[in-house]
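What follows is one structure encoded as structure tokens, with my remarks underneath.
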Amino acid sequence: MKIICIGRNYRDHAAELGNDAPEEPIIFLKPTTACLYPGQPIKLKPFLGDIHHEVELVVMVDSYAKDVPERMALGLVASFTLGLDLTARTLQNELKAKGLPWEKSKAFDGSAVLGEVELPMTASTDLQRLSIELKKNGALVQQGRTSDMLFTVAQQIAYVSRFITLEPGDLFFTGTPAGVGPIAEGDVLEGFLNGQRVLNVTVAKG
Ligand code: MG
């Protein structure tokens, strides 16, 4: 199992960090040790600096696959939820400025927060017609629609599977809409998919 993340997949989020919209999907990975499971609090580590929330649609694939055609890609998706792609933003900016890989700022322990409600893929599920919201302490901080993705979930799966063999249980973090920002001790973060709360996590001291 691995965690595959897609960067800058919404135009408004790419723009808020001063980046151009990518011409091809931007891929990075998190290790399984990055998973923060439901019920566990986010623990802030002072040495990582400021940590930003990035709420994202997360899909799970349930079979091995390589070179998947786009038209067949959604057949691999078993379920979906929301997650937080936690990012050590200042550190990431330093690494980007030096042309270095992002892993220290993206792959640290607990950086892949998973929602507690896993929704099954059904014949009527349309992953590109979902609304995503993140509330911090009850206030709306991120809002987006998956119809605004630059690369659809099917395109992401097909593209990634050209480079990396997919395995059962792999998770795709499919990119965040605009509104990313810092979290602090005591914060409560709630993620909503089409109005249904599927993610609920608190921020504790490290
Ligand atoms: Mg992200």
Side-chain angles (χ1 to χ4, degrees), residues 2-36 42 44 48-61 77 80-97 100-115 127-128 130-136 140-153 155-157 159-160 163-164 170-183 187 189-193 198-199 201 203:
K2 53 190 170 289
I3 304 163
I4 298 154
C5 304
I6 306 297
R8 298 177 203 159
N9 199 33
Y10 290 79
R11 196 175 301 277
D12 58 354
H13 168 64
E16 76 178 338
L17 295 185
N19 295 306
D20 291 333
E23 292 175 3
E24 289 187 67
I26 295 173
I27 303 171
F28 59 95
L29 300 176
K30 295 182 190 245
T32 52
T33 44
C35 284
L36 192 82
I42 296 169
L44 296 176
L48 283 170
D50 58 332
I51 302 294
H52 276 198
H53 54 75
E54 295 190 358
V55 69
E56 312 199 357
L57 173 68
V58 175
V59 307
M60 188 186 74
V61 304
V77 178
F80 59 102
T81 185
L82 287 177
L84 298 175
D85 166 20
L86 294 182
T87 304
R89 188 68 71 198
T90 304
L91 179 57
Q92 185 196 29
N93 288 338
E94 289 170 8
L95 294 166
K96 280 162 69 177
L100 294 172
W102 298 350
E103 274 81 355
K104 286 194 291 184
S105 66
K106 283 285 197 180
F108 55 87
D109 289 352
S111 61
V113 181
L114 296 171
L127 294 177
Q128 303 308 141
L130 300 172
S131 74
I132 295 174
E133 291 180 335
L134 183 71
K135 289 182 180 175
K136 183 167 82 171
L140 188 62
V141 287
Q142 286 195 261
Q143 188 172 34
R145 301 196 62 85
T146 57
S147 54
D148 290 330
M149 283 184 180
L150 296 172
F151 301 100
T152 64
V153 174
Q155 288 171 328
Q156 295 175 32
I157 290 171
Y159 184 85
V160 169
F163 299 89
I164 301 171
D170 283 357
L171 301 174
F172 277 74
F173 277 64
T174 62
T176 193
V180 302
I183 59 174
D187 282 348
L189 300 163
E190 297 171 287
F192 298 82
L193 258 182
V198 298
L199 181 145
V201 63
V203 183

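When a ligand or atom number is given, it counts from 1 through the structure's own listing order.
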>> Looking only at side-chain N and O atoms, does Gln142 offer a donor or acceptor that is under 3.5 Å from a partner on Thr176?
In response: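 Distance-only check passes for Thr176 and Gln142.
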
Charged N to carboxylate O below 4.0 Å: is that the case for [X] and [Y]?
X: Arg89; Y: Asp50; answer: no
X: Glu54; Y: Lys106; answer: yes
X: Asp85; Y: Lys30; answer: yes

> Which atoms form the tightest heavy-atom contact between Val160 and Phe172, and what is the distance?
Replying inline: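 Taking Val160 first and Phe172 second, the nearest heavy atoms are CG2-CE2, 3.7 Å.
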
> What protein N/O/S atoms are found closer than 2.8 Å to the Mg ion (ligand 1)?
Replying inline: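 Those protein N, O or S atoms (cut-off: under 2.8 Å from the Mg ion (ligand 1)) are Glu54 OE1, Glu56 OE2, Asp85 OD2.
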
> With a 4.5 Å limit on heavy-atom distance, are the side chains of Asn9 and Pro25 in contact?
Replying inline: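 A side-chain contact is absent here, since even the closest heavy-atom pair is not under 4.5 Å.
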
